[in-house]
Visitor: 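Starting off with a structure, shown below.
Counting begins at 1 with the first residue of the sequence.
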Amino acid sequence: QVQLTESGGGLVQAGGSLRLSCAASGRTFSSYAMGWFRQEPGKERNFVAFINWSGYRTYYADSVKGRFTISRDNAKNTVYLQMNSLKPEDTAVYYCGASGNRRESLSWYAGDREYEYWGQGTQVTVSS
């Protein structure tokens, strides 16, 4: 069992930055791949970024590539999402997920069904 808690959301102006954190409980955090997703009201949850268990492999949605960076600190049981050059269209609730699956192709992890555990989400609002 893994419990995830996101933090770091808030209100920021366009062009600004935020860093989201996702803290995990349990001693097996390092065995899970982690992903960030986001969801706007009335819409589906969409993939943002992925990082494998070791932190050496990452994968991003085209919409955030070059602006967002995912990282993890297994000693602290935490995964991060550094968001720079934020745009109003980045406004959403951001969720982290944990996946125990092992996929060779990282594109699998763009689907939320790959993740067994989810946090409660943190709101990010970008004003224009």
Visitor: Rounded to the nearest 0.5 Å, how far apart are CZ of Arg38 and OG1 of Thr91?
Guide: 9.0 Å
Visitor: Between NZ of Lys76 and CZ of Phe29, what distance do you get to the nearest 0.5 Å?
Guide: 12.0 Å
Visitor: Can you tell me if Asn74 uses its side chain to pair, donor with acceptor, with the backbone of Ser30 under 3.5 Å?
Guide: no
Visitor: Looking only at heavy atoms, which two atoms of Glu114 and Arg103 are closest? And how far apart?
Guide: OE1-NE, 2.9 Å
Visitor: Is the CD atom of Gln3 crowded by more than 12 outside heavy atoms at less than 6.0 Å?
Guide: no
Visitor: Can you tell which of Tyr32, Phe50, Trp53, Tyr109 makes a side chain to side chain contact (heavy atoms under 4.5 Å, CB included) with Ser99?
Guide: Tyr109
Visitor: In terms of hydrophobic clusters joined by side-chain contacts under 4.5 Å, are Trp108 and Ile51 together?
Guide: no
Visitor: So which atom in Ser31 and which in Thr28 form the shortest heavy-atom distance, rounded to 0.1 Å?
Guide: OG-O, 2.6 Å
Visitor: Taking only residues two or more places apart in sequence, or in another chain, which ones meet Thr125 in a side chain to side chain donor-acceptor pair (under 3.5 Å)?
Guide: Gln123
Visitor: What is the minimum heavy-atom distance between Pro88 and Ala14, and which atoms define it?
Guide: CD-CB, 4.1 Å
Visitor: Going by heavy atoms in the side chains, are Leu20 and Glu6 under 4.5 Å from each other?
Guide: no
Visitor: Of the non-hydrogen atoms in Val48 and Val64, which two are nearest, and what is the gap between them?
Guide: O-CG2, 3.5 Å
Visitor: Provide the full list of ring-ring contact (aromatic ring centres under 6.0 Å, His included) pairs with a residue in residues 66-102, sequence neighbours left out, each pair given once.
Guide: none
Visitor: Are more than 12 heavy atoms, taken from residues, nucleotides or ligands other than Arg102, located less than 6.0 Å from that residue's CZ atom?
Guide: yes
Visitor: Sequence neighbours excluded, which residues qualify as side chain to side chain contact (heavy atoms under 4.5 Å, CB included) partners of Ser7?
Guide: Ser21
Visitor: Strictly by disulfide bond (SG atoms under 2.5 Å apart), give each pair with a member in residues 66-128 just once, sequence neighbours left out.
Guide: Cys22-Cys96
Visitor: Would you kindly confirm whether Leu4 and Val79 end up in one hydrophobic cluster when ILVMFWY residues are joined by side chain heavy atoms under 4.5 Å apart?
Guide: yes
Visitor: How long is the gap from CZ on Arg72 to CG on Asn77, to the nearest 0.5 Å?
Guide: 9.0 Å
Visitor: Begin with the C-alpha distance, continue with both residues' side-chain angles, and end with the deciding distance and a verdict on side chain to side chain contact (heavy atoms under 4.5 Å, CB included) for Tyr115 and Arg45.
Guide: CA-CA 12 Å; Tyr115 299 82; Arg45 189 159 49 187; over 6 Å; no
Visitor: Is there a chain of hydrophobic side chains (I, L, V, M, F, W, Y, each step under 4.5 Å between heavy atoms) that links Met34 to Trp36?
Guide: yes
Visitor: State, to 0.1 Å, how close Gly8 and Thr122 come at their nearest heavy-atom pair, and which atoms those are.
Guide: N-OG1, 4.2 Å
Visitor: Is it true that Met83 and Val12 fall in one hydrophobic cluster, defined by side-chain heavy atoms closer than 4.5 Å?
Guide: yes
Visitor: Under the rule for ring pair (Phe, Tyr, Trp, His ring centres under 6.0 Å), what residues qualify as partners of Phe47, not counting sequence neighbours?
Guide: Phe37, Tyr59
Visitor: What is the minimum heavy-atom distance between Leu81 and Ala49, and which atoms define it?
Guide: CD1-CB, 4.1 Å
Visitor: Going by the rule side chain to side chain contact (heavy atoms under 4.5 Å, CB included), which residues pair with Lys43 if we only count those two or more places apart in sequence or in a different chain?
Guide: Glu40
Visitor: Between Lys87 and Asp90, is there a salt bridge with N-O shorter than 4.0 Å?
Guide: no
Visitor: If I take atom OG1 from residue Thr69 and atom CG from residue Asn84, how far apart are they, to the nearest 0.5 angstrom?
Guide: 6.5 Å
